[in-house]
Amino acid sequence: QVQLVESGGGLVQAGGSLRLSCAASGRTFSTYTMGWFRQAPGKEREFVARISWSGSNTYYADSVKGRFTVSRDNAKNLVYLQMNSLKPEDTAVYYCAASNLRSVVPTAYAYWGQGTQVTVSS
């Protein structure tokens, strides 16, 4: 069992940066692939990035590649999403999630946080 809590969202101008954090509880955190997803109003939840349990493998959606960086600190039970060069189309609620699989599909992730709002103004 893993509980996840996101933080770090907010309002930022286009071109700016934000760093999201996801705090996890549970002794098995370091065994999970961690993913970041986002959902804009009226749209389906979409994959953003994922990181393997060791942190050695990362994968990004094309829409954020080169702008976002996912990382983790297993000693602190934390996962981060550094977001640079933000665009208005990045506006969404961002969720972190945990999975036993390396997947980009939301249904593969068993544990989810409550989400944090990111709003990018033009």
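In this structure a side-chain-to-backbone donor-acceptor pair under 3.5 Å is missing from R50 to V70. N77 places a side-chain N or O within donor-acceptor distance of the main-chain N or O of A24, the cut-off being under 3.5 Å. A donor-acceptor pair under 3.5 Å is formed between the side chain of E6 and the backbone N or O of G115. Side chain of T116 to main chain of Y94: no donor-acceptor pair is present (N/O by atom type, distance under 3.5 Å, no hydrogens or angles). Between the S122 side chain and the P88 main chain, no donor and acceptor come within less than 3.5 Å of each other.
Annotation for V79 and F29: closest pair CG2-CZ, 3.4 Å, computed over non-hydrogen atoms. Nearest approach of A108 to L101, heavy atoms of both residues: CB-CD1, 4.2 Å. Here the closest non-hydrogen pair linking S103 and Y109 is O-OH, 2.6 Å.
Stacking of R102 on the aromatic ring of Y59 is not recorded, the 6.0 Å distance cut-off and the 45° axial limit not both being met.
By the neighbour-count criterion of 12 heavy atoms within 6.0 Å, atom CD of Q114 is densely surrounded, having more than that number from other residues, nucleotides or ligands. Annotation: K65, atom NZ; neighbour count of heavy atoms from other residues, nucleotides and ligands within 6.0 Å is above 12.
The distance from the CZ atom of F68 to the OG atom of S17 is 9.5 Å, given to the nearest 0.5 Å. Between atom CG of residue N57 and atom CD1 of residue I51 there is a gap of 8.5 Å, rounded to the nearest 0.5 Å. The structure places OG1 of T33 at 10.0 Å from CH2 of W53, a figure rounded to the nearest 0.5 Å.
Side chains of V64 and M83 form no contact here, defined as non-hydrogen atoms less than 4.5 Å apart. Residues Q1 and T28 are not in side-chain contact: their nearest non-hydrogen atoms beyond the backbone lie 4.5 Å or more apart. Counting only heavy atoms from C-beta outward, the side chains of R38 and S63 approach each other to under 4.5 Å.
Aromatic ring orientation, W112 versus F37: tilted (interplanar angle from 30° to 60°).
For the ring pair (Phe, Tyr, Trp, His ring centres under 6.0 Å) test, residues two or more places apart in sequence or in another chain that qualify with Y32 are Y111.
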